[in-house]
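A short worksheet on the structure shown next.
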Amino acid sequence: RPVRSPAMRARPAPSPSYRRRTVAGLPQAARSGRCSVQLEKRAKPLPNGGSYLGEWYDSRMHGVGSYRSADGSVYRGEFFKGLMQGRGEKTWPCGRRYEGTWRNDMM
């Protein structure tokens, strides 16, 4: 029978308000997998007229979420330290759509 590490053991389901997971860009202990970092999932209106529903870390969009800008465009995907980064999809009010990789808020 294979030996299971503590990280592979079954864990109870997270509460609906947050998930625990290790995320790149966080403190070294979290990156190494020695601990979990709590990401809070919530909706929040932003000062620029947009809104965000998703995971937050250190008061920044970080993880997976959905951002609706004041012009009506919607981005759904990954965020890193407040920027659109990783896999995501953006849809504009005119119907135009882009799905792919983002880096520093750019396609």
Side-chain angles (χ1 to χ4, degrees):
R1 193 170 92 180
V3 177
R4 291 183 173 220
S5 71
M8 294 174 67
R9 291 187 187 131
R11 295 184 180 150
S15 80
S17 63
Y18 72 89
R19 298 192 266 188
R20 296 176 79 78
R21 66 181 203 185
T22 302
V23 177
L26 300 179
Q28 177 61 38
R31 287 195 310 268
S32 67
R34 290 191 303 264
C35 72
S36 295
V37 174
Q38 182 173 324
L39 294 175
E40 183 180 5
K41 186 169 187 174
R42 62 186 162 104
K44 181 179 178 183
L46 302 174
N48 64 5
S51 63
Y52 176 76
L53 170 63
E55 297 171 332
W56 295 82
Y57 176 75
D58 197 22
S59 299
R60 291 190 270 187
M61 300 177 286
H62 193 91
V64 177
S66 176
Y67 172 74
R68 180 178 297 275
S69 66
D71 70 0
S73 60
V74 178
Y75 171 82
R76 290 180 184 92
E78 299 172 347
F79 290 84
F80 182 79
K81 295 184 179 180
L83 301 173
M84 292 180 270
Q85 185 147 325
R87 299 287 303 164
E89 173 187 3
K90 186 166 184 171
T91 307
W92 286 265
C94 65
R96 193 173 132 215
R97 181 178 163 270
Y98 170 78
E99 183 176 353
T101 303
W102 295 74
R103 186 174 177 102
N104 295 325
D105 273 351
M106 297 179 4
M107 299 179 237

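Since this is a predicted model, take the numbers as computed values, not measurements.
Of all non-hydrogen atoms in G72 and P93, the two that sit nearest each other are C-CG, 3.8 Å. In terms of heavy-atom proximity, V64 sits nearest to E55 at N-OE1, 2.9 Å. Between R87 and Y75, the shortest heavy-atom distance links the atoms O-OH, 3.6 Å.
To the nearest 0.5 Å, the span separating CD on E99 from CZ on R76 amounts to 11.5 Å. Here M107 contributes atom CE and K90 contributes atom NZ; the two are 6.5 Å apart, rounded to the nearest 0.5 Å. The structure places OG of S69 at 8.0 Å from CG of N48, a figure rounded to the nearest 0.5 Å. Taking CE of M61 as the reference point, atom CZ of F79 lies at 5.0 Å (rounded to 0.5 Å). If you take CG on N104 and NZ on K81, they are separated by 11.0 Å, rounding to the nearest 0.5 Å.
Connection of Y67 to W56 is established within a shared hydrophobic cluster, with ILVMFWY side chains joined at heavy-atom distances below 4.5 Å, either directly or through further cluster members. Residue M84 is grouped with residue W92 when hydrophobic side chains (ILVMFWY) are merged at heavy-atom distances under 4.5 angstrom, including chains of intermediate members.
Under the 4.5 Å side-chain criterion, counting only non-hydrogen atoms from C-beta, Y98 is not in contact with E89.
Ring-plane geometry between Y57 and H62 is classed as tilted, the angle between the planes lying from 30 to 60 degrees on a 0 to 90 degree scale.
Annotation: side chain to side chain contact (heavy atoms under 4.5 Å, CB included) contacts of D58 (sequence neighbours excluded): R60.
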